[in-house]
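Remember, predicted model here, so these are calculated numbers, not experimental data.
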Amino acid sequence: MSSTIDAAGKPARTTRRRFLQGSTAAAGGAVLGAGASAAAETDNLPPNIPEWMKAPGEPMGAQPYGAPSPFEKGVVKNISKTLKQYISASSRTPLQELDGIITPNGLFYERHHGGVPTIDPAQHRLMLHGLVERPLVFTMDDLRRFPSESRIHFLECSGNPGYTKPYGKTASDLVGLVSCAEWTGVSLKLVLQEAGLKPDARWVVAEGADAAALTRSIPIEKCLEDALLVYSQNGERLRPQQGYPLRLFLPGFEGNMSVKWLRRLHVTAEPTYSREETSKYTDLLPDGTAREFSFYMEAKSIITRPSGGHRLSAPGFHEITGIAWSGHGKIKRVEVSVDDGKSWQDARLQEPVLTRALTRFRLPWQWDGKPAVIQSRAVDETGYVQPTLAELLAVRGENYFYHNNAIWPWRIAADGEVTNALA
């Protein structure tokens, strides 16, 4: 039993029967106005018995590998239809359609440099050589004999997004090159200890087994801190798009350094200065110098609901929610503004708040039906505050491409339509 407000402004008691009668009357009015087709659409609504209760459903085992409901068929990876080629390309996670912090494996963003190889794990090997006492070659079975560990971390492309227009329309268009999963594998530190590092070991050069042979140099400090050799994601073996059967994973570092289809680790005294750390993944500064080895992804956040492409149905209560993350550790606070940055209020952080993982934030909001601009800014445990795009451009200039962690505002029109406020 619940209460409503009557015409005189006094509480009016509403029983379940009265609620059902009112709903039926409303449905009846809709039928009279819209005809037989509308009547069919209401056949499954209360107090009627819906069709799916009148016969047994699909038998167990009809789907040996479970799939989403057919009514969720629109929730798929965001793949551009205008790319010149799809071998060295990316797809984006539909952030505005997801809840929580874990990205389903089928919706995890992709970035490839030479397509997705099909690798037989029985024929795959990991070579470890260079400045080590005992060069080693591991099979996948060898690696799985080591003690395993599982951790939840985000992974983000360093070009998520670029700095120049045109900016994206949706949260996925803007920052969909970020996802979060539980990763399972072996500590890289443990494997390096098995080989025995020589005193002058300073870098580990990782190479992938794809057609691009993507190669990155990893500081030895990161390798001995929290790096993983990963073979499972969200409880199942890696998907081919995520590096099956083995990938390197470096929590908090730009995504291309977590080399997929990992085949070789070369311990060296110097970085290799590969293509992916000279002509790519570096940035030209206004003074003509180039910023290189910009490993860490800085604190960042985005409101995912309401966000671009959504429409608020009516004035009144709406929950503002989104995600925040930082390569330097935990998110300490997320602030939300509903007045175009004039004032800010703390959002509630959903537990657990994990280091170098997506953090879900929420803020209850009463929309008055007037145009508004909403935005979020993250603060991580180091005290770093997410900047505006103008602040970033003032320091980095217009030639910069990577590591855009700017605040992104959404504009809400009087009719409820939500669009990119910077577009």
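Residues Thr419 and Ile412 are not in side-chain contact: their nearest non-hydrogen atoms beyond the backbone lie 4.5 Å or more apart. At a threshold of 4.5 Å between non-hydrogen side-chain atoms, the residues Asp339 and Val373 do not count as touching. A 4.5 Å side-chain heavy-atom check between Pro306 and Ile374 finds at least one atom pair inside the cut-off. With a 4.5 Å cut-off on side-chain heavy atoms, Arg202 and Pro219 do not count as touching. Using a 4.5 Å cut-off on side-chain heavy atoms (C-beta onward), Trp410 and Leu174 make contact. For the pair Leu126/Val137, no side-chain contact is recorded, criterion being any heavy-atom separation below 4.5 Å from C-beta on. In this structure, Tyr231 and Tyr244 have side chains that are not in contact, with every pair of non-hydrogen atoms separated by 4.5 Å or more. Contact of the Lys77 side chain with the Arg92 side chain is not registered, since no non-hydrogen atoms from C-beta on lie closer than 4.5 Å.
Using a 30° and 60° split on the angle between ring planes, Phe108 and Trp183 fall in the perpendicular class, above 60°. Between His129 and His266, the angle of the ring planes stays under 30°, which puts this pair in the parallel group of the 30/60° scheme. Using cut-offs of 30° and 60° for the angle between ring planes, the Tyr400 and Tyr163 rings count as perpendicular. Ring planes of Trp365 and His318: tilted class, angle from 30 to 60°.
In this structure, Arg216 pairs ionically with Glu277, as a charged nitrogen and a carboxylate oxygen lie closer than 4.0 Å. Between Arg333 and Asp380 no salt bridge is recorded (no basic side-chain N to carboxylate O distance below 4.0 Å). The residues Glu225 and Arg356 are annotated as salt-bridged, a charged nitrogen and a carboxylate oxygen being separated by less than 4.0 angstrom. Arg362 and Glu319 are joined by a salt bridge, as a carboxylate oxygen and a charged side-chain nitrogen come within less than 4.0 angstrom of each other. With respect to Arg305 and Asp99, a salt bridge is recorded, a charged nitrogen being found less than 4.0 Å from a carboxylate O. Contact check on Arg263 versus Glu207 returns a salt bridge, with a Lys/Arg side-chain nitrogen under 4.0 Å from an Asp/Glu carboxylate oxygen.
Remark: aromatic rings of Trp408 and Tyr167 are close, center separation under 6.0 Å.
Formation of a donor-acceptor pair under 3.5 Å by the Arg264 side chain with backbone atoms of Arg125 is not found in this model. In this structure, Asn44 contributes its side chain and Glu51 its backbone to a donor-acceptor pair below 3.5 Å. Between the side chain of Gln386 and the main chain of Ala378, a donor-acceptor pair closer than 3.5 Å is present. With hydrogens and angles disregarded, no donor-acceptor distance shorter than 3.5 Å links the side chain of Asn48 to the backbone of Pro50. The backbone N or O of Asn404 sits less than 3.5 Å from a side-chain atom of Lys300, completing a donor-acceptor pair. With Glu381 contributing its side chain and Lys330 its backbone, the two residues share a donor-acceptor pair below 3.5 Å. Formation of a donor-acceptor pair under 3.5 Å by the Asn234 side chain with backbone atoms of Glu182 is found in this model. A donor-acceptor contact shorter than 3.5 Å is absent between the side chain of Glu254 and the backbone of Asn256. A donor-acceptor pair is defined here as one N or O able to donate and one able to accept, closer than 3.5 Å; such a pair exists between the side chain of Asp283 and the backbone of Tyr402. Checking side-chain atoms of Ser274 against main-chain N and O of Thr215 turns up a donor-acceptor pair under 3.5 Å.
Among the candidates Asn78, Thr93, Thr304, the single residue satisfying the side-chain hydrogen bond (donor to acceptor under 3.5 Å, both in side chains) test with Ser172 is Asn78. If you run side-chain hydrogen bond (donor to acceptor under 3.5 Å, both in side chains) between Lys260 and each of His113, Glu110, His112, only His112 comes through.
Taking both residues in full, the closest heavy atoms of Val336 and Ala347 are given as CG2-CB, 4.0 Å, listed atom of the first, atom of the second, then distance. Between Leu155 and Gly255 the shortest heavy-atom distance is CD1-CA, 3.8 Å. For the pair Asp210 and Leu214, the tightest heavy-atom approach, listed with the atom from each and the gap, is OD1-N, 3.3 Å. Closest of all the heavy-atom pairs between Trp367 and Ala314 is CE3-O, 3.7 Å. Contact detail for Gly114 and Ala212: the closest heavy-atom pair is N-CB, 4.0 Å. A pairwise comparison of heavy atoms in Thr164 and Glu398 identifies CG2-O, 4.4 Å as the closest pair.
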Open item on the list: Go through it in stages, so that I can follow the logic: the residues are Leu197 and Leu131, the test is side-chain contact (heavy atoms from CB on, under 4.5 Å), and I'd like the CA-CA distance, side-chain angles, deciding distance and then a yes or no.
Closed with: CA-CA 6 Å; Leu197 291 174; Leu131 296 176; over 6 Å; no
- [ ] Test side-chain contact (heavy atoms from CB on, under 4.5 Å) on Ser326 and Glu298 and set out the steps.
- [x] CA-CA 5 Å; Ser326 173; Glu298 303 288 352; 5.8 Å; no
- [ ] Kindly indicate, with the supporting measurements, whether the criterion salt bridge (Lys or Arg N to Asp or Glu O under 4.0 Å) is fulfilled by Glu335 and Arg377.
- [x] CA-CA 5 Å; Glu335 300 171 319; Arg377 67 183 179 193; 2.5 Å; yes
TODO: Verify side-chain contact (heavy atoms from CB on, under 4.5 Å) between Leu354 and Thr359, making sure each step is shown before the conclusion.
DONE: CA-CA 7 Å; Leu354 304 172; Thr359 298; over 6 Å; no
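Around atom NZ of Lys280, no more than 12 heavy atoms belonging to other residues, nucleotides or ligands sit under 6.0 Å away. Within a 6.0 Å radius of CZ in Arg151, more than 12 heavy atoms belonging to other residues, nucleotides or ligands are found. Around atom CZ of Phe71, no more than 12 heavy atoms belonging to other residues, nucleotides or ligands sit under 6.0 Å away.
Donor-acceptor pairing under 3.5 Å is lacking for the side chains of Asp141 and Thr139. Under the 3.5 Å distance criterion, with hydrogens and angles disregarded, no donor-acceptor pair is assigned to the side chains of Thr184 and Ser232. One side chain, Arg360 or Thr321, offers a donor N or O that lies under 3.5 Å from an acceptor on the other. Inspection of the Asn405 and Tyr384 side chains reveals an N or O donor paired with an N or O acceptor under 3.5 Å. When only modelled atom types and interatomic distance are considered, Ser80 and Thr82 share a side-chain donor-acceptor pair under 3.5 Å. In the model, His310 has no side-chain atom that pairs as donor or acceptor with a side-chain atom of Glu417 under 3.5 Å. For the residue pair Ser301/Ser376, the side-chain donor-acceptor check at 3.5 Å is satisfied.
Atom-to-atom distance recorded for Phe295:CZ and Ser217:OG is 8.0 Å, nearest 0.5 angstrom. Taken from CG in Asp415 to CZ in Arg311, the straight-line distance is 4.5 Å, to the nearest 0.5 Å. Taken from CG in Leu248 to CG in Leu265, the straight-line distance is 7.0 Å, to the nearest 0.5 Å. The distance from atom CH2 of Trp325 to atom CG of Leu358, rounded to the nearest 0.5 Å, is 6.5 Å. Distance check, rounded to the nearest 0.5 Å: OG of Ser179 to CG of Leu95 gives 7.0 Å. How far CD of Gln242 is from CD of Gln233: 5.0 Å, rounded to the nearest 0.5 Å.
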